[in-house]
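The structure appears below as structure tokens.
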Amino acid sequence: MVRQPGGTSPDRPVRVRYAPSPTGYPHVGNIRTAMFNWLFARHHRGTFIVRIEDTDVERKVEGAVEDVLESLRWLGLEWDEGPEVGGRYGPYFQSQRLHYYRPVVEQLTSDGYAYPCYCSHERLEAMKAEQVRRGQPPGYDRRCRNLSQEERSRFEAEGIRPVIRFKTPLTGRTEFRDLIRGKVVFDNSTLDDFVLLKSDGYPTYHLANVVDDHLMEVSHVLRADEWLASTPRHILLYQAVGYESPQFAHLPMILGPDRSKLSKRHGATSLLEFRDEGYLPEAMLNFLALLGWSLDDRTEVLSREELVEHFSLERISKTAAIFNIDKLRWMNGLYLRKLDIDDLTERALPFFERDLPSSVRRPIDRSYVRAVVALEQERAKTLAELPQLGEFFFMEELDYPVDLLLQKLNREKASQALTTVSQKLGALGPFDHGSLEATLRPLASDLSLTTKELFSLLRVAVTGRTAAPPLFQTMEVLGKEACLRRIEAAIRLLRG
RNA sequence: GCCCUCAUCGUCUAGAGGCCUAGGACAUCGGCCUUUCAAGCCGAAGAUCAGGGGUUCGAAUCCCCUUGAGGGCACCA
């Protein structure tokens, strides 16, 4: 294979990675990055790797890795190498790869590209405070950059465990061609001597990601825009170690409604919360793809397969996007309506089990849910709305203010109408929506009421609500007995 | 403060010099349909393409400046 200097060879197999750090639950921004990597890999028939960057022992959050993996699984972003599945380039946890980083650091140090730094946290903090106070750019002042061997020995003798810093070139510029941004140039003088190896022996992100991307033969680094500014450090590192650098593409960020970076403090929703709120993974996938990528000037609804087929870096925008929940809801409704009833029932069942009042007997009857869900399908935007919308189907007794029955008629007329309806229905044989309509529609004029008046009244009596699925279908699902019982209850309410 | 990036309707976006009197979608507002609510269909409103200079016969599209926004400047990733 031909190796080209200054970037990945075009014919190199595509290998991309999603490299989350287990310091919290992944939000839509994190997962969108994972998704673009996945789409890119699948489109090019390449490899999608998941690598856990757990080099910060202190910030590590219990359960975060499982959350990351669960998020990926939920969206169907299966990974070819990584946790659980392994791979030829493992292990895929950086905490288990420490032995790879040390030799690199030693090599760098002996080659004069890195040096031990013995400065204390206190000194560093004081230095930074002073720099900020004087309006200077914060950054390590390189005090330990040119320590003599004697000085180093003395610090070592004091038992100080140094960090290893990269000896950033003082002059010159570092440039690279970002696949999305184009040419980006940094003056080396604006870069400080960043830490490669922490005093606890763990590598920093900069070191670990460069070493691992090389070892794992990553061809393209697709990561969020927030990394753009540290890319020159990585390029410099690649050069110092003598690795071929992968190609970079910095994805536009997803911003919160307040236009700032998504973070836990801003209440950035974990992706799994969307699952729990009843969003469909296929809708989520479609929606997220459109945040920063587009196919053309009109296509918005794309299946997973279409996304894979059409995805390309060229069509990723440069602008940060704000997460628009309203559009997600619309799209989710779209996908929800496309589901066939059995599929919808299976997906909805857990939400009914979870959200229906505890007074409702468990387990919830599947075929009943199927009938209910069929009526609610085009009225719900999320799965979680299904039990809310259909709660009245399951309640033993309805609880609503009598006023709802009196919106169009007075007490007398209302109770008279309901009494007549009750009699008619009691005598009715087949209780399907066809016969219900055939019976009730003529009844309106018999009672000298408009259909609107009669049906509105009946709707409230039977559902306890003014807005519900079509009346006759609703009654059919409810069944004769329940309908009669509710109508009687309404009559009592009117008289009481 | 310094560095980097970005800049089209409220939001997501199309637009890679003439096809743009700027297109689509969500949301909004009307109308139709209708037993309610939805869904669906039709329509409206909504962007002097951040502002200012250039370049060009011609600029949302190229260049410069300004402004604004975002990101970065940790022994965090």
Side-chain angles (χ1 to χ4, degrees), chain A residues 19-24 53-56 58-59 117 119 121 124-125 128 131-140 161-165 178 180-181 184-187 189-192 194-200 202-206 208-209 223-232 250 252-253 255 257 259-261 287 290-301 314-315 317-331 333-334 337 376-381 389 437 440-441 444 450-460 463 465-472:
Chain A
S21 68
T23 53
E53 312 230 322
D54 54 349
T55 55
D56 189 339
E58 289 185 10
R59 291 202 316 154
C117 166
C119 293
H121 280 100
L124 262 16
E125 271 169 40
K128 187 177 173 184
Q131 286 165 335
V132 171
R133 194 184 65 76
R134 291 163 63 172
Q136 293 174 336
Y140 181 56
R161 301 188 47 162
V163 300
I164 306 296
R165 287 183 186 272
D178 185 277
I180 292 171
R181 319 267 153 193
V184 184
V185 185
F186 288 83
D187 256 312
S189 60
T190 62
L191 274 26
D192 75 346
F194 57 97
V195 173
L196 295 172
L197 202 66
K198 309 178 205 175
S199 56
D200 63 3
Y202 276 73
T204 60
Y205 169 81
H206 303 300
N209 119 80
R223 64 195 354 174
D225 197 34
E226 55 186 317
W227 294 108
L228 188 61
S230 37
T231 304
H250 288 91
M253 310 252 294
L255 271 23
R259 295 211 130 273
S260 75
K261 181 176 165 178
F287 177 74
L290 260 23
L291 239 43
W293 177 87
S294 65
L295 173 60
D296 54 32
D297 62 339
R298 52 197 65 246
T299 314
E300 298 213 288
V301 181
E314 292 75 53
R315 295 205 59 87
S317 81
K318 299 176 178 181
T319 335
I322 294 174
F323 191 86
N324 180 199
I325 191 87
D326 278 332
K327 190 157 183 177
L328 204 215
R329 285 179 56 75
W330 162 77
M331 187 167 277
L334 204 67
R337 273 173 261 129
E376 298 183 288
Q377 185 164 26
E378 62 185 36
R379 292 169 175 74
K381 293 244 194 311
L389 252 24
E437 179 153 16
L440 295 172
R441 198 172 279 283
T450 62
T451 49
K452 183 168 290 209
E453 288 168 331
L454 211 218
F455 297 163
S456 300
L457 173 69
L458 198 48
R459 176 175 303 107
V460 172
T463 69
R465 304 180 180 198
T466 54
L471 182 57
F472 309 120

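Predicted, not measured: the structure shown is a model, and the values here were computed from it. Sequence lines set the chain letters: A, B, ... in the order given, protein chains first and strands last, and positions in each chain run from 1.
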Review point. What string of B, S and - do you get for nucleotides 70-77 of chain B, 5' to 3', if B is base contact, S is sugar-phosphate-only contact and - is no contact with any protein heavy atom under 4.0 Å?
Key: SSSBSBBB

Study note, to complete from the structure: By side chain to side chain donor-acceptor pair (under 3.5 Å), A:T231 pairs with (sequence neighbours left out) A:R223, A:H250

Check your understanding: Between A:R315 and B:rU13, is there a side-chain N or O to OP1/OP2 distance below 4.0 Å?
Key -> no

Point to revise | Any donor-acceptor N or O pair under 3.5 Å, side chains A:T299, A:D296 | key: yes

Check your understanding: If you measure from the Lys or Arg side-chain nitrogens to the Asp or Glu carboxylate oxygens, is any gap between A:K198 and A:E58 under 4.0 Å?
Key -> no

Point to revise | ring pair (Phe, Tyr, Trp, His ring centres under 6.0 Å) partners of A:F323, counting only residues at least two apart | key: A:F274, A:F287

**Study point:** Set of residues satisfying ring pair (Phe, Tyr, Trp, His ring centres under 6.0 Å) with respect to A:F186, sequence neighbours excluded
**Key:** none

Review point. Considering only the P atoms, how many Å lie between B:rC33 and B:rC42, rounded to the nearest integer?
Key: 15 Å

Revision key, fill the gap. Contacts of A:Y140 meeting ring pair (Phe, Tyr, Trp, His ring centres under 6.0 Å) (sequence neighbours excluded), chain-then-number -> none

Check your understanding: Would you call the rings of A:F472 and A:F455 parallel, tilted or perpendicular, where under 30° means parallel and over 60° means perpendicular?
Key -> perpendicular

Review point. Counting side-chain heavy atoms from CB outward, which of B:rC6, B:rU35, B:rC3 is closest to A:R459?
Key: B:rU35

Check your understanding: Distance between the C1' atoms of B:rC29 and B:rG72, in whole angstroms?
Key -> 43 Å

Review point. Counting only Watson-Crick or G-U wobble pairs whose two distances fall under 3.5 Å, which nucleotide matches B:rA60?
Key: none

Point to revise | N/O donor-acceptor pair under 3.5 Å between A:T204 side chain and A:V195 backbone | key: yes

**Study point:** Rounded C1' spacing from B:rU48 to B:rC2 in Å
**Key:** 36 Å

Exercise for review: Please tell me if the side chains of A:R165 and A:L196 come closer than 4.5 Å, counting only heavy atoms from C-beta onward.
Suggested key: no

Check your understanding: For every nucleotide of nucleotides 16-34 of chain B, 5' to 3': is a protein heavy atom under 4.0 Å from its base (B), only from its sugar-phosphate (S), or from neither (-)?
Key -> -------BBBB--------

**Study point:** Any strand: nucleotide that pairs with B:rU36 via Watson-Crick or wobble, under 3.5 Å
**Key:** none

**Study point:** Rounded C1' spacing from B:rC76 to B:rG53 in Å
**Key:** 44 Å

Exercise for review: Counting Watson-Crick and G-U wobble pairs only, both distances under 3.5 Å, name the nucleotide matched with B:rA7, or none.
Suggested key: B:rU67

Point to revise | Pairwise C1' distance, B:rC73 and B:rA16 [rounded to whole Å] | key: 34 Å

